[in-house]
Amino acid sequence: MFTPIIPEGAPTPIAPFVPGSRVGDTLYVAGMLALGPNGESLHPGDVKAQTRYVIDEIIRVVEATGGTLADICYNVIILKNRADYAAFNEVYAEYFGANPPARYCIISELVRDELLVEIAATAYLGKP
């Protein structure tokens, strides 16, 4: 069984899911999008701003369990446009630096045309 993780002030999901699910020392963070508290799309056309917003939302879920950005060990990234890959990576590197977690990235449409990036994360909250 998992424990749902819903940070205070989290936006209302646009589908039936919770922002995070904790199973033992592992936290699974749902795919995060640049959506505001009322489900409105944020920063249309700006992949860098959307990436910052999405990573900040992931951090909020991880911190709600007592974890930190350093506990994230795996990310699944979906970009809408291949042309945004370099700009996305620039922001991603600001957060994850020289020791980034494992990840994979695919190019695909997202649930709304104006959304450019979605990231799901896995964090390990136990001792190494």
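Residues Val62 and Ile5 fall within the same hydrophobic cluster, defined by Ile, Leu, Val, Met, Phe, Trp and Tyr side chains chained together at heavy-atom separations under 4.5 Å.
Of the residues listed (Glu94, Glu90, Glu57), the one engaging Arg52 in a salt bridge (Lys or Arg N to Asp or Glu O under 4.0 Å) is Glu94, and it is the only one. With Thr68 as the partner, the side-chain contact (heavy atoms from CB on, under 4.5 Å) test is satisfied by one option alone out of Thr65, Asp71, Ile72: Asp71.
The structure places CD1 of Ile55 at 8.0 Å from CD1 of Ile77, a figure rounded to the nearest 0.5 Å. In this structure, CD on Gln50 lies 14.5 Å from CE on Met32, to the nearest 0.5 angstrom. Put simply, OG1 on Thr51 and OH on Tyr53 are 13.5 Å apart, with the number rounded to the nearest 0.5 Å.
Across all non-hydrogen atoms, the minimal contact from Pro101 to Asn75 is CG-ND2, 3.5 Å. In terms of heavy atoms, Val61 sits closest to Gly20 at CG1-CA, 3.9 Å. Shortest non-hydrogen contact noted between Arg103 and Tyr85 is NH2-OH, 3.2 Å. Across every non-hydrogen atom of Ala10 and Pro19, the tightest pair is CB-CG, 4.4 Å.
Residues satisfying the side chain to side chain contact (heavy atoms under 4.5 Å, CB included) criterion with Pro4, sequence neighbours excluded, are Phe2, Val18. Residues meeting the side-chain hydrogen bond (donor to acceptor under 3.5 Å, both in side chains) test with Ser41, sequence neighbours left out: Arg112, Glu114. Residues satisfying the ring pair (Phe, Tyr, Trp, His ring centres under 6.0 Å) criterion with Tyr92, sequence neighbours excluded, are Phe88, Phe96.
Within the 4.5 Å cutoff, the side chain of Leu116 has no heavy atoms near those of the Leu110 side chain. Annotation: side chain of Val117 is not in contact with side chain of Asp84 (no heavy-atom distance under 4.5 Å). The shortest distance between side-chain heavy atoms of Ile119 and Ile58 falls below 4.5 Å. The shortest side-chain heavy-atom distance between Tyr74 and Tyr104 falls under the 4.5 Å cut-off. Counting heavy atoms from C-beta on, the side chains of His43 and Lys48 never come closer than 4.5 Å. Val23 places none of its side-chain heavy atoms less than 4.5 Å from the side chain of Thr3.
Remark: the Asp56 side chain and the Tyr95 side chain contain an N/O donor-acceptor pair separated by less than 3.5 Å.
Under the 3.5 Å distance criterion, the side-chain polar atoms of Lys80 are left unmatched by any main-chain donor or acceptor of Ser108.
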